[in-house]
Protein chains: 2
Amino acid sequence: MATVSKEDYLSVIFKNLDDKNEVKANVIAEKLSISNAAVTDMLKKLSNEDLVIYEKYKSIKLTENGFLYAKNMVRRHRIWEMFLHQVVGIPWDKVHEEAEKLEHSSSDYLINKIEEMLNFPEFDPHGDPIPAKDLKLPKQKKSVKLSLMKINQKGRVVRVNDFDNEFLSYISKIGIELNAKLKVKEIREFDKSMHILVGNKDWNISQKIADNIFIEIIDKGNL
Amino acid sequence: MATVSKEDYLSVIFKNLDDKNEVKANVIAEKLSISNAAVTDMLKKLSNEDLVIYEKYKSIKLTENGFLYAKNMVRRHRIWEMFLHQVVGIPWDKVHEEAEKLEHSSSDYLINKIEEMLNFPEFDPHGDPIPAKDLKLPKQKKSVKLSLMKINQKGRVVRVNDFDNEFLSYISKIGIELNAKLKVKEIREFDKSMHILVGNKDWNISQKIADNIFIEIIDKGNL
DNA sequence: CTTTTAATTTAAGCTTACTTAAATTAAAAA
DNA sequence: TTTTTAATTTAAGTAAGCTTAAATTAAAAG
Ligand SMILES: [Mn+2]
Ligand SMILES: [Mn+2]
Ligand SMILES: [Mn+2]
Ligand SMILES: [Mn+2]
């Protein structure tokens, strides 16, 4: 049976799959802020329901079913975010928190209605891809971490990590939003902090901030 | 702490208060489709949290706190219904079910935003009053059960009971919606079924249907 | 006033989803 | 290869929210 907890486990697993499509139990516990013991417990249950592949001491994989379920959760989450942002006018940094609850409390019927109303968006307010009704993911633009950009490079914000309110609220305040253009003016080797230009304003941001912002580089051809 | 269960208990208690502002444990169990034993259990917990007044073998009352909490739940529920109906375009007979879940998964912040967007509606899609932010209830129009109307009386639908999908879907199909005008053409004493005119169409409805529709009588002065 | 019936409570038990502490296993370092 | 460390599992226990069955109490009927 589907419960709020199980749904959150599946989402977290899906979002943290590595290059081998696996996650460590470890990571799940950390992301959900619960003990490792609780994770072991739940993984056995999810395994019984054919949602994850669980073998003692090994990394976790999703089954076919688990993949579908997880992708549908991500779909629900991101459609809610888009709706809250675009239709209700909830700011960028508050939609994630609300969607984290709403995703468990809405029928597929409702999600489909909302999606239709939004005219089938491909990306959520943070630039993350929204799985379509058939659960296929739209292709994402190639992007690099802002922290990896070089001096004088220019780019466009195409995605930001959405898991920390304070981070989102802060970058919002310095003018960083989806599609915002920026330029790297200086990089201090000492702490890897950066001086960037957003619009016509200068800001100094830490490496940790820059690590969570993803940029599509604008090269000369694009100017 | 507030959980989905507790919130549903409070809503059910509030909606079923009698003239003395009391409910029997009995009624709660029935409305929530759970055992009486479970209700006793939960009432003790709610009492410890100063939400209900519980004394062995006596009817249940709400405390001041309980009243406020319950009214806020009703507010959330009805604002969601209105939003789903008006903004998302979900039909009359499906909004209740969705709102029953969403009411537990939305912050007051979000509810207030939605209310604002709807321009502070006073009644939900079923004609039930929506508590305002200060939890005051708007005054309702005087109304009578359709089943109590007399032959040749005319009226306007001002409220319908919203707890049964099939009922709502059916009356929707025969043209009964909020503010619809109708006239009683015949009443069969045998089973109290009625012949009514809705718009320009005739329908025969059972007493049970007519019991759940509330009408503002239109007397000659109003024609 | 006594009996019957209906409502309510108690008792015992279950599942879900957690916790902490201790034990085990696997992986990394020496 | 052995040792150390880190990840994982097991064990025991808790709280929430249910269940059924049995016991108790209050209210209604006689
Ligand atoms: Mn969630
Ligand atoms: Mn997002
Ligand atoms: Mn509910
Ligand atoms: Mn309603």
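Values in this document were obtained by computation on a predicted structure and should not be read as measured data. Convention: sequence-line order gives letters A, B, ...; per-chain numbering from 1.
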For [N], does OP1 or OP2 lie under 4.0 Å from any side-chain N or O of [X]?
X	N	result
B:Lys44	C:dT10	yes
A:Asn36	D:dT8	no
A:Ser5	C:dT16	no
B:Ser35	D:dT19	yes
B:Tyr9	D:dA16	no
B:Tyr57	D:dA23	no
A:Lys58	C:dA26	no

(message) Do A:Tyr69 and A:Glu7 pair up side chain to side chain, a donor and an acceptor below 3.5 Å, judged on atom types alone?
(response)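 A:Glu7 and A:Tyr69 do have a side-chain donor-acceptor pair below 3.5 Å.
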(message) What I want to check is whether the side chains of A:His77 and A:Glu81 have a donor and an acceptor closer together than 3.5 Å.
(response)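 Yes, because at least one side-chain N or O of A:His77 sits under 3.5 Å from a partner of the opposite role on A:Glu81.
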(request) Give a yes or no answer on whether the side chain of A:Arg76 reaches the backbone of A:Ser106 with a donor-acceptor pair at less than 3.5 Å. (result)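 Looks like yes, one N/O pair under 3.5 Å.
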Selected nucleotide, minimal atom distance to [X] side chain, candidates [options]:
X	options	answer
A:Tyr54	D:dT25, C:dA17, D:dT9	D:dT9
B:Asp41	D:dA16, D:dC18, D:dA7	D:dC18
B:Lys45	D:dT10, D:dA16, C:dA11	D:dA16
B:Thr3	D:dT10, D:dG17, C:dC18	D:dG17
B:Lys24	C:dT8, C:dT19, D:dT19	C:dT8

Could you state the atom-to-atom distance from [atom1] of [X] to [atom2] of [N] in whole Å?
X	N	atom1	atom2	value
A:Asn26	C:dA27	CG	C1'	13 Å
A:Asp8	C:dA17	CG	P	11 Å
A:Leu43	D:dA7	CG	C1'	13 Å
A:Lys6	C:dT15	NZ	P	13 Å
B:Ile34	C:dA7	CD1	C1'	15 Å
B:Met42	D:dT19	CE	C1'	14 Å
A:Ile28	C:dC18	CD1	P	12 Å
B:Glu49	D:dA15	CD	C1'	12 Å

(message) A cation-pi test, strictly: NZ or CZ of A:Lys71 under 6.0 Å from the centre of the six-membered ring of A:Phe14 and no more than 45 degrees from its axis. Yes or no?
(response)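 No cation-pi geometry.
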(message) By the 4.0 Å heavy-atom rule, please label A:Ala25 as base, sugar-phosphate, or nothing.
(response)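 Touches sugar-phosphate only.
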(request) Assign each of A:Lys56 and A:Ser33 to its nearest nucleotide of DNA chain C by heavy atoms, then name whichever residue's nucleotide is nearer the 5' end. (result)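 In this pair, the answer is A:Ser33.
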(request) Starting at CZ of B:Phe67, measure out to CG of B:Leu17 and round the result to the nearest 0.5 Å. (result)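 The CZ atom of B:Phe67 sits 5.0 Å away from the CG atom of B:Leu17.
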(request) Start with the C-alpha distance between A:Ile111 and A:Trp80, add both sets of side-chain angles, then the distance that settles side chain to side chain contact (heavy atoms under 4.5 Å, CB included), and finish with yes or no. (result) CA-CA 8 Å; A:Ile111 294 295; A:Trp80 269 120; 3.6 Å; yes
